[in-house]
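All figures in this text were calculated on a predicted structure; none of them were measured in a lab. Proteins get letters first, then strands, A, B, ... in listed order; numbering begins at 1 in each.
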Amino acid sequence: MPRTEMMKEKGLTLVDAINEALYQEMERDDRVVCLGEDVGLNGGVFRVTDGLQKRFGADRVVDTPLAESGIMGTAIGLAMGGMRPIPEIQFEGFMGPAYDQLTNHAARYRTRSRGAITVPMTVRVPVGGGIHAPELHSDSPESIYAHTPGLKVVMPCTPYDAKGLLLAAIRDPDPVVFFEPKRVYRSYREQIPEEDYTIPIGQAKVVSEGTDITVVSWGASVFECLAALDKLPEDVSAELIDLRTIYPIDQDTIIQSVQKTGRCVIVHEAPKTCGMGAELSAIIQEHCFLHLKAPVQRVAGFDTVMPYYKLELEYLPNAERIGESIVQTLSY
Amino acid sequence: MPRTEMMKEKGLTLVDAINEALYQEMERDDRVVCLGEDVGLNGGVFRVTDGLQKRFGADRVVDTPLAESGIMGTAIGLAMGGMRPIPEIQFEGFMGPAYDQLTNHAARYRTRSRGAITVPMTVRVPVGGGIHAPELHSDSPESIYAHTPGLKVVMPCTPYDAKGLLLAAIRDPDPVVFFEPKRVYRSYREQIPEEDYTIPIGQAKVVSEGTDITVVSWGASVFECLAALDKLPEDVSAELIDLRTIYPIDQDTIIQSVQKTGRCVIVHEAPKTCGMGAELSAIIQEHCFLHLKAPVQRVAGFDTVMPYYKLELEYLPNAERIGESIVQTLSY
Amino acid sequence: MPSRTVYSASVEYLQIMDEEGHVDAKLAKDTLSDEEILKLYQFMIDCRQLDEIAFKLQRSGRMGTYPQNKGQEAAAVGSGYAAKKGVDFLVPCYRENAALFLHGLPMHYILLHWMGDERGNQIPEGVNMTPLSIPIGTQMLHATGIAWAFKLKKEPRVTITYFGDGATSEGDFHEAMNFASTLQVPCVFFCQNNQWAISVPRDQQMNSATVAQKALAYDMPTIQVDGNDLLAVHKASKDAIERARQGGGPSFIEAVTYRLADHTTADDARRYRDTKEVDAWVGKDPMIRLRKYLERKNLWSDEKQKAAEEKAKIFVADVVKAAETIEKPLISDIFDYTFAEIPEELERQKRTMRTSSLGQDPTQAGLAAEPTAY
Amino acid sequence: MPSRTVYSASVEYLQIMDEEGHVDAKLAKDTLSDEEILKLYQFMIDCRQLDEIAFKLQRSGRMGTYPQNKGQEAAAVGSGYAAKKGVDFLVPCYRENAALFLHGLPMHYILLHWMGDERGNQIPEGVNMTPLSIPIGTQMLHATGIAWAFKLKKEPRVTITYFGDGATSEGDFHEAMNFASTLQVPCVFFCQNNQWAISVPRDQQMNSATVAQKALAYDMPTIQVDGNDLLAVHKASKDAIERARQGGGPSFIEAVTYRLADHTTADDARRYRDTKEVDAWVGKDPMIRLRKYLERKNLWSDEKQKAAEEKAKIFVADVVKAAETIEKPLISDIFDYTFAEIPEELERQKRTMRTSSLGQDPTQAGLAAEPTAY
Ligand SMILES: Cc1ncc(C[n+]2csc(CCOP(=O)(O)OP(=O)(O)O)c2C)c(N)n1
Ligand SMILES: Cc1ncc(C[n+]2csc(CCOP(=O)(O)OP(=O)(O)O)c2C)c(N)n1
Ligand SMILES: [Mg+2]
Ligand SMILES: [Mg+2]
């Protein structure tokens, strides 16, 4: 939707930024259609698609039946039929029923047809914990999709990055999973350009430069890392990297940083085992072996089912655990 | 089925061993039921359940409708209802439609009900490439399920291990994904005990001891590793570990080995990024940091869709690539 | 035989008590006695009270998101009462609390669930049900499997599973219906068609005249009932349950009802639905017609209503207390219920969750085992 | 209105040409001309020949697993011919090769596919179809989506999607049918009910009198046709396609046919089905009845049959040659089609696939860039 006074004054939230990107791209490209549960009249359960149906009509902003495989599978068909679909899965926990269509179909069409058939679509999914939501509304499945050949996966955590990456994703000729850290949806405002801009998929961002240790994170955890960095002793110079794109991984930025600092802590909400932290840790030890002064550390969710909300803050990596890990790694 | 003369003489194949374990456990425990597509009269497309329906009847060896979510979901119900279901998914590529039931339901019931409801079931799935099969019949999704809290994942590659681990899996009070490397189904015979025995889930096996380098693998790749080891220079002493259980990982066996050898190569068929190799590499650098003489290497499938069979042998890690990697790691 | 009819079927609608509380005497014959109706009406007052209080708990920040059940009590009670407590098995969604209470679920468990506490799902021994299902449409397969187990064990027990109109769009619904019919298991599929799936009205959810006709795909006995009519719901449920118990296989019931409240407390239905529509349904409230019926039979009065409501308030206050005074869950619960036995790595994560990053016994890597000064 | 009928429907069966090649003159009026029948019969001879040769290629180790189409040619041809080549869009499973050929797929592409070569899926520009679908039941959603795109773009085009009786058990079938009906997209769902899904007979796949009735769940026009009757299949398909093109939404067609061969060359149907059943169906072969019809009309003879078969052999030999003489696929193809642009890491994997372990430019880790002597 066009910017409100409030947005002009105080900046945009993540929700605003995504909404603006959708709005602008739908204006620009009439092949773009949004589809999903409650994305139309209701504007999505998080109001991310608010106002879009009113502006672009019920043909382009479609309330579908309640069936995630159907949403994903028909979006694939829409893409093959020349549209630029943006299916929304209401919460990451409900990607389960769409898993087959996403990983075995959307991700494979280009390869299996040797380029004859492609699936340019952007799957929007709110992700992560910390909002006191019910069961299956708080997971972080990014490594599952990073392990799936043929998918790109992004997870911006700031309004600026979200707008630029979403526009890049929609224009990408291949399927992109666009994770939106729901804990940040309304918790942070930023002034961002009103005009059209893109941020290339596959580039990490150095949030703050430093020389003693590299901290890598993405999604809502980036803010936890910032809080942790704030509380570090004055003399510690930490470099914080927001991965932004989960796949393809920006190895260069990370490798360069760790070759400089020699130490690294990786932070994510997903369960530790086979999470993105494992892949990053492996990459780092492969490429920075002779530079490493301490083992790469992972601060992650536990290998347990994400707890209901009374205990969720015990599960999610917080500034204390992150800070602790940084200090320990530094003293190794 | 009872042993044939041929089996008595030449030993059992992987198929025979699994069939024997199923047969014996169904004799022992009448709560055990097998269900899946074509598992009954036809004995499964790989004949793994051959003869079971004849012996135990169509009530306990059930040809279900063609619907993987249905198979997984009703198996969950059967388990909650007091049975010990053994659902078969015909090929790992068809776990997609069952993904939601397996990861969001089977895996979570114990946690979410604080132990009031449990799902003791063993999901049997042929896995991996190399048999010139059609599309989606050759994948290796083990790390996806290792990343899923609440699931145990095993992948034996010998008849002896398969029988012992399958009996352990069926008797396990929690859901176990039992991957059967189909390339080995009939390619290897072994004399194994006819009586009942179990192998604890969560224990790796040292296939051959060595002091210079640790090679970790599982599934059909273990045989490629053996071939690679065979061709190594005489003076190289390599330790080969068959992981056998994918989750929970037997960290001790691997850590002890790498602390001894200081070098490690991990071999698997699945795509490299976020495969089990990443997790093992991360664990090793966390626990063996001061012992490592070279970066841990991964010999894995590429980050591409598993190719159709004309190119599949280019994709799968083979003895040459493994040997190359061992030699390079040794010369680091 | 070039062209001929190879299949034909139809769906019947059943109503026994209308909005004014008038009953069709003939149809009412085999249903509930007035004594039972009285008892169940009083019970529904308790449930409605719990529902209102739950809403208030959320609004005052004492509970998370909550989906009100208001207006759908007859569907839950009529069906739940038709199943045998302690014998049959309930596999619910989240909008049939009353059925669960009838079958022995302590009321405060529901509050605990929505307070973000898994102990609300820790179904007590002897209470036959699964916890609330948050993902839509997945639980019917579990119900089918449980019913299948009953059949295999030759136990004369039945499962009844609840779900909404929206849930019938999910693939799992289809697979459950087909498995149940093909395997002829004793399972009753009870659809609460409350006209909405969050903001999506039924006619955008499907292009079908009725939900009930979906069962025809599986040659499954099916009926559409007035879901706000306790007697009709009870009769249809009883028939289906007893047929299942006798080996007659599964059945489908579409209970036509209405979600009087927002989807959940996180929802604002004014964004998408006409208040006129809501107003029209307020008059069809299952409790209003029961009260009219009972009053006409001189079994009820304003005083009795007031007394019942008072009783309900006191009763529900205790329920809230039970939910709010429970001790905090143990942090170790996060780890201790993942498997029957905790694996070593998870034990390590549990042990070091406060002292280090994860998966690494800090001492092993030469790090401090105790928290640093940080 | 305590009890009343709220829905009723029925399913019709259509046959125009019987097993003896007799046609119902009235029903046959709007269908194919004799000229067309002649042309399509000859085409079916080519297709049957390809099928037999494909089987032999597998048996002699020159091709991987192959699912024979034998006996189902009328279903493929009758429906495929009803769709407009170059306009409408086919979304197949794997047992309707003939329909794909009619719409311009070079025959050797099918062989390439089963020879484990993705180039068999590289549908040429202007040919409107997706590649064969190996996973069962998933492609109908793509067909629905493509049809939806046609509708949004206001193009008068139709998709037709093929699948087996077994496929109708998958959740995706249900979701596709519901989406198609709710969105009223121009999609024809064509079920080849060949009585078996590998070893599972239709009546163990579902407890439904017909497959066609599954469409009633969605209030979708539906019909059961004799799938071995070219005319009936064509008429039903034509009706459904034109209705869709006119904005009348989706339709369902159940073509009752039979899988005369094993499921695939990896299967041995003698393990699970009675040869008597097979024998009974051999007489219903769609090609036999067409030949009888044409012979009766003096449009066909033994000589013509022989000549057509000879021609088919020569033709198919060329097809085999095209498939077998294609250059080996490039190993780099593994990498080059993953994304439109190859990411850096994948480029590295491609570059080092022969020299080192993966994901690591060997020089970066201090390893040798070139293969060692190993
Ligand atoms: C698999 C899945 N998809 C989406 C959701 C989000 N969601 C929660 S309730 C709901 C609507 C359910 O509608 P219906 O089945 O009619 O039940 P009702 O809430 O009306 O009782 C949706 C879409 C979910 N919980 N699970
Ligand atoms: C999702 C999925 N599950 C299982 C299989 C294995 N499989 C291949 S063909 C087949 C039977 C298909 O039956 P039907 O749909 O009737 O088609 P037909 O082969 O009879 O033409 C099965 C189970 C598969 N390919 N995909
Ligand atoms: Mg509803
Ligand atoms: Mg079939």
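Smallest separation of non-hydrogen atoms from E88(B) and E37(B): OE2-O, 4.3 Å.
Neither the backbone nor the side chain of A98(B) has a heavy atom closer than 4.5 Å to any heavy atom of chain A. In this structure, the portion of I249(A) lying under 4.5 Å from any heavy atom of chain B is its side chain and not its backbone. With a 4.5 angstrom heavy-atom cutoff, Y247(B) touches chain A only via side-chain atoms.
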Show, in sequence, the C-alpha distance, side-chain angles and deciding distance for R298(B) and I283(A), and conclude whether the side-chain contact (heavy atoms from CB on, under 4.5 Å) test is met. CA-CA 10 Å; R298(B) 292 182 274 170; I283(A) 289 172; 4.0 Å; yes
Test log, rule side-chain contact (heavy atoms from CB on, under 4.5 Å), inputs L280(A) and L243(A): CA-CA 10 Å; L280(A) 294 171; L243(A) 200 57; 4.2 Å; yes
Evaluate side-chain contact (heavy atoms from CB on, under 4.5 Å) for E269(A) paired with M306(A), printing each intermediate quantity in order. CA-CA 9 Å; E269(A) 293 188 14; M306(A) 175 81 194; 5.7 Å; no
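Ranked by non-hydrogen atom pairs under 4.5 Å with chain B, the options T103(A), T273(A), T111(A) are led by T273(A). When N104(B), L102(B), D100(B) are compared by the number of non-hydrogen pairs under 4.5 Å with chain A, D100(B) comes out ahead. Contacts with chain A were tallied for P271(B), G150(B), G275(B), P307(B); P271(B) has the most, counting heavy-atom pairs under 4.5 Å. Counting heavy-atom pairs closer than 4.5 Å to chain A, the top residue among R112(B), M276(B), E68(B), Q101(B) is R112(B).
Using a 30° and 60° split on the angle between ring planes, F91(A) and F94(A) fall in the perpendicular class, above 60°.
Formation of a donor-acceptor pair under 3.5 Å by the E312(B) side chain with backbone atoms of H132(B) is found in this model. Using a distance-only test at 3.5 Å, with no hydrogens or angles considered, a donor-acceptor pair links the side chain of Q259(B) to the main chain of H287(B). Checking side-chain atoms of S217(A) against main-chain N and O of V267(A) turns up a donor-acceptor pair under 3.5 Å.
Within residues 139-149 of chain A, the residues that have a heavy atom under 4.5 Å from a heavy atom of chain B are D139(A), S140(A), S143(A), I144(A), A146(A), H147(A), P149(A), listed by number.
Partners of P120(B) according to the side-chain contact (heavy atoms from CB on, under 4.5 Å) rule, which considers only residues two or more places apart in sequence or in another chain, are A79(B), R84(B), T118(B).
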